[in-house]
Every structure is written in C-alpha cells, then in structure tokens.
Amino acid sequence: MAEKITPRDRDYNQWYQDVVRAAKLAETSPVRGSMVLPPNGYELWENMQRGLDGMFKATGHRNAYFPLFIPKGFLAREAEHVEGFAKECAVVTHYRLKEEDGDLVVDPEAELEEPLVVRPTSETIIWDTYARWIQSWRDLPLKLNQWANVVRWEMRTRLFLRTAEFLWQEGHTAHATEEEAVEETRTMLDVYARFAEEWMAMPVIRGVKTASERFPGAVDTYCIEALMQDGKALQAGTSHFLGQNFARAFECTFQNENNEPEYVWATSWGVSTRLIGALIMTHGDDQGVILPPKLAPVQVAIVPITRSGGDNEEVLDAAEEMRESLARAGYRVVLDDRDQYRPGWKFAQYEVEGVPVRLAVGPRDVKNGTAEMARRDTGEKASVSAREIVPAVREALHDVQQALYDRAYAFRRDHTRVAESYDAFKAQIEEGGFVLMHWDGTAETEARVKDETKATIRCVPFPDQFPGIDTEAAGTDPVSGRPSERLVVYARAY
RNA sequence: CGGGGUGUGGCGCAGCCCGGUUAGCGUGCCUGCUUUGGGAGCAGGAGGUCGCGGGUUCGAAUCCCGCCACCCCGACCA
C-alpha cells in the first residue's frame, strides 16, 4: 500500500517530512541532527556538485581540501567570527577510549592540550594556511574551493534545511585589491543564481544582507533568496566580501608592486545540502517530489507492462532497446524489470521519487511500435513512436525543466507584494510571500518588525530583481515614519 | 537551550489513565495459487530486549526517576 503523504494544504511541514521519507532522499540517524543520505538523496547532491563544480572551474577556481579539525585558538582570532560560531561548535577534547568495568569510557589521561573544534566553516584554518602561501602580489589572486562537511550544533534541526552536520562547498579567495575581491563576491553570487535558475529551475532574488543578517566576520554578505510554496523564504546561497578582517587576524600580507606590505582582500562563498530542501519545497506536489531533469538521478524510468509467468520477451526486448538508445544518447535511464512489483506500483513509486519522465511499454505498444510517455510535472501522457524515442524524451525533459521554472516563477510573482502601510504589511506577511517595503536603514526598525511580525529583511535587493517594481525609488518607512532610500525584501524565513 | 508531544516486529498505529495469561491491528516481508496497461486477491508463515538505564511491586509496555532520539512552539542559526 502507498506510504501516505500528507497533503500540502493540510500541513506543509508534515508534507515535507513525508516526501523526504517517501522519496528516500534522507533519513534521521541515531545522532541528533545528523542525517543519512541514501542513494536517491546523495546522487541528487552529486549532480548538484557536478553542475556547480563546472561553474567554479569555469570562473578560474581550483579545488583543495583543508582539515576537519581546527585548533580552538584559531577560532578566537577574528572577534566577530568567534562570537558568531562559538555557541554551536562541536569540540574534541580527547583522543582515546578505554575499557572500565566492561564499559567503554573516555580515557581521562588522553586529554588534548588544545581542544580541537570540528569546523563550522573553514575561514580560520584556511587563512592560517593562506598566510604562509601568499608572499607577493604575484601569488594573487588565490581562488580555491573545497567540498566538505561541516558541523554546527543546532538546537533545532530539520532534514536538509538545518542539520548539525551538512555537506557543502566553501570557496575562499584572496585578492590584491578591494575592487577585485568585491567583484569576485558578486561573480560567485551570480554563479549561484544561475545554478539555482538554470539547473534547479528555482527563481531567486539577488541582494545584500543587512548588518544583522551578515556572516560573522564579513564586511558584506550577498545572498540569493528563494520563495517556498508555503510562502516562506529560504536563503539558498551566500557570498561574502570579507574585507581584510581575516587577513589581519591571520597576518596574511603580500608585497605589492612597490615592495610595500599590504593585507590581502578576501571572499568566501558557499551553498549546502540545504539546496535539496529548497528543491523539494519549490517543485514538490501532493504525490511527492518533482526533480528538475538536469539534476534528477534518474531522468527516465521505463516500466515494462509484463505478466509474471507470461511471455514477456517481446516487451522486455523493446524496453531494453529503448533503454539502450536513451543511455547512448547520454540520459540517465533505468529499465525497471523487477517482477515483484506490478506496473501500477512502479508508476506510483516513480512519481513519489520525482522522476521527470516515465515510459511504459506493453504488448499493445510492441504491436504498434510505440511507448506511453508521461510527464511527472503535469501527469500528461502521450503515445510516442519507439523510433523517435530519443528526440521525444529530449523534448519532454527540456519542457519539464522549463515548465518547473515557469511555474515557480509565476508562484513567486503572485506572492510578491509591496506594502504601503505597516498594517497592510502585517496582513501580507501573515499571508506569506515576499513583501517589499521601505526601510529607514536602522537596525532598530528591522528588529521591531521582526519582533512584531516574525518577518526579517531577507535582503536589500539588487536593482531590477522584480519586474514592474522600482525598488530604487525613495520613500518613507511606514514603520518609523523616517525617510527611506529604497524598498527591501521582507519575509518569514526558514 | 525553555515549554509541549511522541517512542510498541521494516513502516504506520492500538494497548498505558485503572499493573495480572501466549502484547494486538494495518501494511510490508516469505511460500503457494489466482491475478496483471495505475499502488492486486485469497490462504499459510516468519518476524517484538514494548527507545535506553534505574526504581516501586509477588508481577511493569502500563506506575515513578534519569537519560537518548524524533516532532511541534519559542530563542539561535546556512
């Protein structure tokens, strides 16, 4: 029988948990806040990695790896950084266990002289290293990225959206000038936005964080923000201009062309497995998840309509032939010839798992030289010629990718409004979505709105993020009555 | 980390208040037969330290204490 999925309009949160489980994307583990990623979830991450990694390489970055453990002292070097992360660090204090009365206990004699922190992010250990690597302006820019896991001891966790341990990438770059570092920060934000839109089919808003939402230790934090189906915003990626803060903390200087010492300028940027949560909540429906073709671990599932004990040879041969031509054309395709499940069960299962295109091949199809092709996003079915299977699938995958983006874009457009008064704002926030409102630029007003409505400023948007809305026009902050230079994006957020 | 809830074969649950035979049910799993173009039907069968540890009791899934994990609300955060 079907694993039941709670309808979205009944309990969105429960729906999320149900589909994550039913689509086998992730499970909880015996360790608080740590998840197990079964193949369905991990392969999705691998495909994201592939897409992003290609874009990093294309923008001049190389991959490297830095240690999981960070000496506690490193973290303390940058004042804001330590303040931001100190409260959520896992700390290693011992290096040995021993048996005592049949129990395994931490050996008190094996205490580390300096405790090690499991990286919550790698700025400190990387800047300690960069300080040794960088001597001259000729060593710059240094543009590295690492794929890694990090640990932040979160009090409240949710699969993908906030886990104690998560997978991510973190880019760390060093530059000779401020301009170049800022440009790098913006370039990488743009890479993230393009990845979100072109690969994930998820429209995003580009902008800059307010001081209170900034990364600890950054001068500026740029972000992409997406809108989930329940009207809550999700920060999907961040790119930080770090100024010379870490260079100063780790004494990272270079000699410029005039033989003078200068601190280097830094950036860092990252996206994580949280993107999988974003994907689920952008495209999923009451039947399960819907994966964009460019990222789906399985793009096409072929279900042969067979009878157990019957003569299925022709059907299976036809299905295998299709599988081969699609695989040869470069598609990720599976032929599901398992005989312990009936076709209807397989149809339902691939829908739960979000496979974008399904083909069914039965005796009638063999006779007619056809296959039944179904799109996951619309449920639409069509009979296609077996001879034309590759172009038909190519077109269907392309259409699904585009349709997912269009649908998500329309949703966001329809859930973005401008608040002319604070009362209107409160009502709009209650209904969900992005709400644009004037802001006087003060932390006091920002805090008051958060306190009274639970909405935060998701970002100060770049120009032209909202077609038809001029966010750059000056006005009045309806909350404080003070003048405002522009509209900012408010929302309740994950 | 504060408040609330939950934890019982793989999964979903009942039983707990009011302690007392071999701990039930659905689904999944195994075997057989019948079915087979949208999550099959019938029959037989396997599978449980009742989250973990301690306590009360003649006797604990059930009562008490502690701990762990998960979910919800709050504070904090990618």
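It should be emphasised that the depicted structure is a prediction, and the values quoted were computed from it without experimental measurement. Just the heavy atoms: all of them, side chains too, but no hydrogens, waters or symmetry mates, feed the values below.
- For the C1' atom pair drawn from B/A60 and B/G19, the interatomic distance equals 6 Å after rounding to whole Å.
- Nucleotides B/U31 and B/C17 have their C1' atoms positioned 43 Å apart, rounded to a whole Å.
- Distances shorter than 4.0 Å separate none of the side-chain N or O atoms of A/R364 from OP1 or OP2 on B/G37.
- The base-pairing partner of B/U36, taking Watson-Crick or G-U wobble contacts with both distances under 3.5 Å, does not exist among the strands shown.
- Contact annotation for A/Q17: backbone-only contact, meaning every heavy-atom pair under 4.0 Å involves sugar-phosphate atoms and none involves a base.
- The side chain of A/R156 places no N or O atom within less than 4.0 Å of a non-bridging phosphate oxygen (OP1 or OP2) of B/G2.
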Would you please test A/R376 and A/E353 for salt bridge (Lys or Arg N to Asp or Glu O under 4.0 Å) and show each step? CA-CA 10 Å; A/R376 173 61 181 88; A/E353 294 180 23; over 6 Å; no
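- Between B/A61 and B/G9, the distance separating the two P atoms is 14 Å to the nearest Å.
- Taking atom CZ of residue A/R458 and atom C1' of nucleotide B/A78, one finds them 10 Å apart after rounding to whole Å.
- At a threshold of 4.0 angstrom between heavy atoms, the contacts of A/T163 include nucleobase atoms, whether or not backbone atoms are also involved.
- Summarising the geometry, the separation between CZ on A/R342 and P on B/G39 is reported as 7 Å, rounded to the nearest angstrom.
- The aromatic rings of A/F166 and A/W168 lie perpendicular to each other, with more than 60° between the two planes, well past the 30° mark.
- Taking the centre of each ring, A/W127 and A/H81 stay at or above the 6.0 Å mark.
- Atom P of nucleotide B/C11 and atom NZ of A/K24 are separated by 13 Å, given to the nearest angstrom.
- For the pair A/N312 CG and B/U35 C1', the interatomic distance rounds to 14 Å; values are reported in whole Å.
- To the nearest whole angstrom, the two C1' atoms, one in B/C50 and one in B/U62, are 10 Å apart.
- Between B/G38, B/U35, B/C70, one nucleotide has an atom nearer to the side chain of A/T28 than all others, and that is B/C70.
- Residue A/E154 is classed as a base contact, given a heavy-atom separation below 4.0 Å to a base.
- Taking A/E430 as the reference, A/R492 meet the side-chain contact (heavy atoms from CB on, under 4.5 Å) condition, with sequence neighbours excluded.
- Between A/Y494 and A/K454, it is A/K454 whose nearest contact on RNA chain B lies nearer the 5' terminus.
- A cation-pi arrangement is not found for A/K346 relative to A/Y350, the charged atom failing to lie both closer than 6.0 Å to the ring centre and inside a 45° cone about the ring normal.
- Counting any heavy atom pair closer than 4.0 Å across all strands shown, A/F166 reaches a base atom.
- Two rings, from A/F85 and A/F215, have their centers less than 6.0 Å apart.
- Residue side chain A/R358 reaches the base of B/G38 through a donor-acceptor N/O pair under 3.5 Å, judged by distance alone.
- When rounded to the nearest whole Å, the span between CG of A/D18 and P of B/C13 equals 10 Å.
- Using C1' as the reference atom, B/U27 and B/G20 are 31 Å apart when rounded to the nearest Å.
- Listed for the A/E170 side chain is a donor-acceptor partner under 3.5 Å among the backbone atoms of A/S122.
- Distance from the side chain of A/R307 is smallest to B/U36 among B/G37, B/U36, B/C1.
- At the heavy-atom level, A/K209 lies nowhere under 4.0 Å from the strands shown.
- OP1 or OP2 of B/A69 has at least one side-chain nitrogen or oxygen of A/R32 nearer than 4.0 Å.
- Rounded to an integer number of Å, the gap from NE2 of A/H81 to P of B/A78 is 12 Å.
- Between the P atom of B/C71 and the CZ atom of A/R21 lies a distance of 12 Å, rounded to the nearest Å.
- Within 4.0 Å of A/T157, counting heavy atoms only, lie sugar-phosphate atoms of the nucleic acid but no base atom.
- The residue A/L234 sits apart from the nucleic acid: no heavy atom pair falls under 4.0 Å.
- Counting distance only, with no hydrogens placed and no angle test, the side-chain atoms of A/K381 and the base atoms of B/G37 include no donor-acceptor pair under 3.5 Å.
- In this structure, A/K450 reaches the B/C76 phosphate: one of its side-chain N or O atoms is under 4.0 Å from OP1 or OP2.
- Summary of the strand contacts: A/T273 and A/G362 both lie near RNA chain B, and taking for each the nucleotide with the nearest heavy atom, the more 5' one is attributed to A/G362.
- Spacing of P atoms, B/G12 relative to B/A23, comes out at 22 Å, to the nearest Å.
- The same atom, P, is picked in B/U21 and in B/C65; the two are 25 Å apart, to the nearest Å.
- In this structure, A/W45 has its ring center no closer than 6.0 Å to that of A/F160.
- Distance CH2 (A/W345) to P (B/G41): 15 Å, rounded to an integer number of Å.
- When heavy atoms are screened at a 4.0 angstrom cut-off, A/S272 is found touching base atoms of the nucleic acid.
- Checking B/G7 for Watson-Crick or G-U wobble geometry (two distances, each under 3.5 Å) identifies B/C68 as its partner.
- Contact annotation for A/E351: base contact, defined as any heavy-atom pair under 4.0 Å involving a base atom.
- Among the protein residues, A/G33 comes within range of the sugar-phosphate backbone only, with heavy atoms under 4.0 Å from sugar or phosphate atoms but none that close to a base.
- Nucleotides B/G59 and B/U22 are separated by 16 Å at their P atoms, to the nearest Å.
- Using the Watson-Crick or G-U wobble rule with both distances under 3.5 Å, B/A46 pairs with nothing in any strand shown.
- Using the Watson-Crick or G-U wobble rule with both distances under 3.5 Å, B/C13 pairs with B/G24.
- The base-pairing partner of B/A61, taking Watson-Crick or G-U wobble contacts with both distances under 3.5 Å, does not exist among the strands shown.
- By the 6.0 Å and 45° rule, A/R186 stacks over the aromatic ring of A/F462.
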